Amino acid sequence: MAISKKNNDDCDLARHRLARSGHRVTRQKQIVLEAVRSAPGHPDAHAVYTRARRLLPNISLGTVYRNLGLLRDAGLIRELQLGKSHRCFEAVREPHYHVVCRSCGRIEDLPIPRLNLISKAQRLTDFEIGEQHLEFYGLCPNCRTHP
Ligand SMILES: [Zn+2]
Ligand SMILES: [Zn+2]
């Protein structure tokens, strides 16, 4: 797998962030991060495990789970808990909305501009609000044609 300059910069950034949060950057952690980044869409832990094993054949599922948690806590990947499907992951990019299939759990990015409702929500309540979530649920094309 060719590693581009851009990828190398990303890896440096990842190393910095992990070091700042007090975590050693292990080879396993880099492989898990790379597996999340290179997976299409929003992989679950098993999909990450399958990809990670191509890069490091003896990595265990437990190691993958543990490193997914560490990478999430360090802010390098995002964990999505949408609908009834199991938890999925994605590399952190611009915050964006998701559409979720109620039937099969498929998740896709939704390319519409984000609304910032946090300051409004804050004005209307006594809460100090840190994040907002808005998801759209429906049936994907597959589930619509093969119910
Ligand atoms: Zn579906
Ligand atoms: Zn997404």
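Residues take their numbers from the sequence shown, with the count starting at 1. Just so it is clear, the values below take in all heavy atoms, side chains as well, and ignore hydrogens, waters and symmetry mates. Computed from a predicted structure; not experimentally measured. Both ligands and their constituent atoms are indexed starting at 1 by order of listing.
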Exercise for the section: Quick one: do Val32 and Leu68 satisfy side chain to side chain contact (heavy atoms under 4.5 Å, CB included)? Show the steps, please. Expected result: CA-CA 7 Å; Val32 171; Leu68 282 170; 3.8 Å; yes
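- Below the 2.8 Å limit, the Zn ion (ligand 1) has as protein N, O or S neighbours Cys101 SG, Cys104 SG, Cys140 SG, Cys143 SG.
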Side chains of residues 46-60: which donor-acceptor partners sit under 3.5 Å, not counting sequence neighbours?
{"residue": "Tyr49", "atom": "OH", "partner": "Arg53", "partner atom": "NH1", "Å": "3.3"}
{"residue": "Thr50", "atom": "OG1", "partner": "His46", "partner atom": "O", "Å": "2.9"}
{"residue": "Arg51", "atom": "NE", "partner": "Ser38", "partner atom": "OG", "Å": "3.2"}
{"residue": "Arg51", "atom": "NH2", "partner": "Ser38", "partner atom": "O", "Å": "3.1"}
{"residue": "Ser60", "atom": "OG", "partner": "Thr63", "partner atom": "N", "Å": "3.1"}
{"residue": "Ser60", "atom": "OG", "partner": "Thr63", "partner atom": "OG1", "Å": "2.9"}

Exercise for the section: Just do the side chain to side chain contact (heavy atoms under 4.5 Å, CB included) check on Phe89 and Leu80 with the steps written out, would you? Expected result: CA-CA 6 Å; Phe89 297 88; Leu80 308 167; over 6 Å; no
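- Less than 2.8 Å away from the Zn ion (ligand 2), the protein contributes these N/O/S atoms: His42 NE2, Glu90 OE1, His96 NE2, His98 NE2, Asp109 OD1.
- Lys120 contributes atom NZ, which lies 14.0 Å from atom CD1 of Ile118 (distance to the nearest 0.5 angstrom).
- With hydrogens and angles ignored, the 3.5 Å screen pairs no side-chain donor or acceptor of Glu90 with any backbone N or O of Arg78.
- To the nearest 0.5 Å, atom CG of residue Leu117 and atom CG of residue Leu134 are 8.0 Å apart.
- Remark: the backbone N or O of Gly130 is not paired with any side-chain donor or acceptor of Gln122 at under 3.5 angstrom.
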Distance-only criterion, 3.5 Å: show the donor-acceptor pairs between side-chain atoms of residues 138-147 and protein atoms not counting sequence neighbours.
{"residue": "Thr145", "atom": "OG1", "partner": "Pro141", "partner atom": "O", "Å": "2.9"}
{"residue": "Thr145", "atom": "OG1", "partner": "Asn142", "partner atom": "O", "Å": "3.2"}

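- A cation-pi contact links Arg114 to Tyr97, judged by a cut-off of 6.0 Å to the six-membered ring centre and 45° from its axis.
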